[in-house]
Amino acid sequence: MSKQPNPQKIAKEIDKRQKQLSRPHSRYYIAYLFFIISIIYITDEVASQLATFMKTEIANDMMSKFGDASVSMLDIITVVSFPFMALGVLYKPLADKFGRKPFLVINTFGMCLGLLIIYLTESIPGYVIGACLTQFFITHDMQVVYIMETAPAKHRAKIYSSIKCIAMLGVLVIPLLRRTLMHETSQWRSVYMLPAIVGLGVSVAAMFFAKETDAFNLARINYLKGNTEENGTEASGGLIPSLKFAMSHKQLRWVFLALFFSETGFIMTNDYQVIMTYGYANNFLQKGLFTNLSTAVESVGVNEITTALFLFPVGCALSQLVPGFISDKFGRKKSAVIMSASAIVFFLAFWLGSRYGLNPQLVGFFCGASVGTFWANIDTISLIAGESTPTALRSSILSITYLPLGIGIGLSFAVSLPLMNHFGNSAVGLISLALTVPGLLADFIILTAKVRDTKGIDLKTVKGNEWD
């Protein structure tokens with residue numbers, strides 16, 4: 001027997017949401033909201049990139065202390081975190097019931113608590129706990145939902161890409177901390193401290209200064225009043241209603257397939273630092289500059305790779321900035337197609353550049369542009385998914401996009417891990433090439449042939465059947 005809704009609770013929540021809607025915003029609210037969102041986005045990107053920027057150093061340090069700890073072992077730790085990330089499919093839809101703000105705060109606090117645990121512990125179990133906690137919370141991107149539901153429709157993509165660009169430039173703090181705090185590769189944990197502390201402070205600031213989005217409040221009021229025609233669906237979030245909705249609309253089915261193929265190249269975004277490290281190390285070894293690979297890896301780790309990583313955020317930031325302007329001028333679809341093709345070109349440039357020992361700044365820029373366009377492609381596809389969905393299901397649909405993404409990532413690891421264990425760290429570049437290029441080509445074809453554009457759609461009235 002289903003539980004009957006409590007009229008008093010419904011009336012109380014409606015009154016609460018209406019008060020939030022009627023509360024006037026100061027004329028500077030949007031500016032300082034986006035400032036807070038930018039800081040949170042920087043924290044999110046730093047938390048996302050830290051382990052990848054430090055991957056070779058983490059693996060080698062653990063190997064010296066605990067025995068067997070290759071790069072593939074760290075990828076296995078990432079796989080171990082997948083079940084916790086999968087819980088997000090149940091966790092993120094809660095934002096369609098309880099609001100965006102609580103989860104903006106909780107996610108920021110949680111990801112930074114994970115970084116703090118990694119900084120404070122020297123055991124592998126402690127690292128795994130911190131990594132799993134961080135991975136769980138960084139996948140939810142509530143700041144993206146805030147941008148989508150707050151920015152004016154005609155500038156939505158530009159504002160999003162500009163904030164994402166700022167966030168990627170913030171990643172410059174990682175190579176800066178590497179250079180100032182990591183004088184030996186075994187000191188990699190010290191790089192985690194500052195981002196952890198700053199992020200915890202930002203989560204507290206968001207609690208006091210961010211407000212609930214008007215789009216959510218309107219959709220929630222309509223749902224509670226039973227005005228299902230206004231929010232385009234009879235459901236108010238949740239895994240099953242979202243899956244049914246996505247599978248019943250042609251646009252979202254193709255979007256999900258494009259996301260799956262794009263993520264088969266995920267291993268590249270996870271191991272680019274390893275690709276560069278062993279590319280340079282093997283090149284220097286062949287030139288006779290070192291007598292063994294381990295010495296070459298230690299040298300390039302504190303020199304060439306740190307130098308290259310200073311340009312990584314620049315390449316990444318520019319590749320995050322451009323697609324927003326393309327999206328608002330020419331459409332989301334065209335932007336995603338261009339980013340998909342660019343990701344292939346830049347990946348080949350940074351892979352070949354490290355193998356042949358080109359200028360580290362140039363290789364770092366190409367690497368950042370490759371990873372940036374890879375994620376810009378996925379971000380733009382996700383933007384299409386969000387704009388193809390009514391407000392009452394938007395957070396839930398954006399949550400279940402992690403299903404095709406997760407399947408693509410799972411395939412990437414299922415193929416790469418056995419090969420990395422067999423051929424070693426030096427083969428990571430070739431393995432990444434074999435997975436990334438075909439997946440992005442398939443993504444490119446689906447976007448070009450099947451996905452429809454959503455430029456200019458009104459997020460308060462979209463029903464999701466406009467492209468069926």
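Quantities reported herein were computed from a predicted structural model and do not represent experimental measurements. Just so it is clear, the values below take in all heavy atoms, side chains as well, and ignore hydrogens, waters and symmetry mates.
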Can you check whether [X] reaches [Y] side chain to side chain, under 4.5 Å on heavy atoms?
{"X": "Asp328", "Y": "Lys455", "value": "no"}
{"X": "Leu243", "Y": "Leu403", "value": "yes"}
{"X": "Lys450", "Y": "Leu257", "value": "no"}
{"X": "Phe266", "Y": "Phe413", "value": "yes"}
{"X": "Phe256", "Y": "Met247", "value": "yes"}
{"X": "Met182", "Y": "Leu177", "value": "no"}
{"X": "Leu440", "Y": "Phe444", "value": "no"}
{"X": "Gln49", "Y": "Tyr272", "value": "yes"}

Determine the minimum heavy-atom distance between [X] and [Y], stating which atoms define it.
{"X": "Gly199", "Y": "Cys112", "result": "CA-SG, 3.2 Å"}
{"X": "Ala167", "Y": "Glu45", "result": "CB-CG, 3.8 Å"}
{"X": "Val105", "Y": "Ser203", "result": "CG1-O, 3.5 Å"}
{"X": "Tyr127", "Y": "Ile118", "result": "CD1-CG2, 3.8 Å"}
{"X": "Ala258", "Y": "Leu447", "result": "CB-CD2, 4.3 Å"}
{"X": "Ile397", "Y": "Ala246", "result": "CD1-CB, 4.1 Å"}

Side chain [X], main chain [Y], donor-acceptor under 3.5 Å:
{"X": "Thr134", "Y": "Ala131", "value": "no"}
{"X": "Ser319", "Y": "Cys316", "value": "yes"}
{"X": "Ser388", "Y": "Ile384", "value": "yes"}
{"X": "Thr108", "Y": "Leu104", "value": "yes"}
{"X": "Ser354", "Y": "Trp351", "value": "yes"}
{"X": "Ser162", "Y": "Lys158", "value": "yes"}
{"X": "Asn222", "Y": "Leu218", "value": "yes"}
{"X": "Lys334", "Y": "Ile326", "value": "no"}
{"X": "Tyr119", "Y": "Gly114", "value": "no"}
{"X": "Glu263", "Y": "Ile409", "value": "no"}

Quick one: side-chain hydrogen bond (donor to acceptor under 3.5 Å, both in side chains) partners of Gln20, sequence neighbours excluded?
Arg17, Asn217
Got a sec, which residues hit side-chain hydrogen bond (donor to acceptor under 3.5 Å, both in side chains) with Ser327, two or more places apart in sequence or on another chain?
Ser335
Pairs touching residues 201-217 that satisfy salt bridge (charged side-chain N to carboxylate O under 4.0 Å, His left out), sequence neighbours left out
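Those involving residues 201-217 do not exist here.
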Kindly assign one of parallel, tilted or perpendicular to the pair Phe103 and Phe98, based on the angle between their ring planes and the thresholds 30° and 60°.
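Aromatic pair Phe103/Phe98 classed tilted.
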Sorted by chain and number, sequence neighbours left out, ring-ring contact (aromatic ring centres under 6.0 Å, His included) with Tyr192 holds for Trp188
With rounding to the nearest 0.5 Å, note down the distance linking [atom1] in [X] to [atom2] in [Y].
{"X": "Phe365", "Y": "Cys367", "atom1": "CZ", "atom2": "SG", "result": "11.5 Å"}
{"X": "Arg220", "Y": "Lys225", "atom1": "CZ", "atom2": "NZ", "result": "13.5 Å"}
{"X": "Ile166", "Y": "Ile37", "atom1": "CD1", "atom2": "CD1", "result": "12.0 Å"}
{"X": "Leu21", "Y": "Lys19", "atom1": "CG", "atom2": "NZ", "result": "13.0 Å"}
{"X": "Ile275", "Y": "Asn270", "atom1": "CD1", "atom2": "CG", "result": "10.0 Å"}
{"X": "Leu224", "Y": "Glu13", "atom1": "CG", "atom2": "CD", "result": "4.5 Å"}

Candidate list Asp443, Thr373, Asn377, test side-chain hydrogen bond (donor to acceptor under 3.5 Å, both in side chains), partner Ser340, passing option:
Asp443
Other residues, nucleotides and ligands only: do more than 12 of their heavy atoms fall within 6.0 Å of CH2 on Trp375?
yes
Determine, step by step, whether Met276 and Val300 satisfy the side-chain contact (heavy atoms from CB on, under 4.5 Å) criterion, reporting the C-alpha distance in whole Å, the side-chain angles of both residues, the deciding distance to 0.1 Å, and the verdict.
CA-CA 9 Å; Met276 286 195 293; Val300 301; over 6 Å; no
Give every residue pair that meets the side-chain hydrogen bond (donor to acceptor under 3.5 Å, both in side chains) criterion with at least one member in residues 34-43, sequence neighbours excluded.
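For residues 34-43, and leaving out neighbouring residues, the side-chain hydrogen bond (donor to acceptor under 3.5 Å, both in side chains) pairs sorted by first residue read Tyr41-Tyr160.
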Mind checking salt bridge (Lys or Arg N to Asp or Glu O under 4.0 Å) for Glu387 and listing every partner two or more places apart, or none if nothing turns up?
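Only Arg156, Arg332 meet the salt bridge (Lys or Arg N to Asp or Glu O under 4.0 Å) criterion with Glu387.
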Tyr146 vs Lys101, test: side-chain contact (heavy atoms from CB on, under 4.5 Å). Steps then yes/no.
CA-CA 9 Å; Tyr146 254 87; Lys101 178 178 176 176; 3.2 Å; yes
Please walk me through it: do Ile163 and Ile159 pass side-chain contact (heavy atoms from CB on, under 4.5 Å)?
CA-CA 6 Å; Ile163 292 176; Ile159 291 173; 4.0 Å; yes
Worked check of side-chain contact (heavy atoms from CB on, under 4.5 Å) between Phe137 and Leu133
CA-CA 7 Å; Phe137 285 109; Leu133 192 62; 3.6 Å; yes
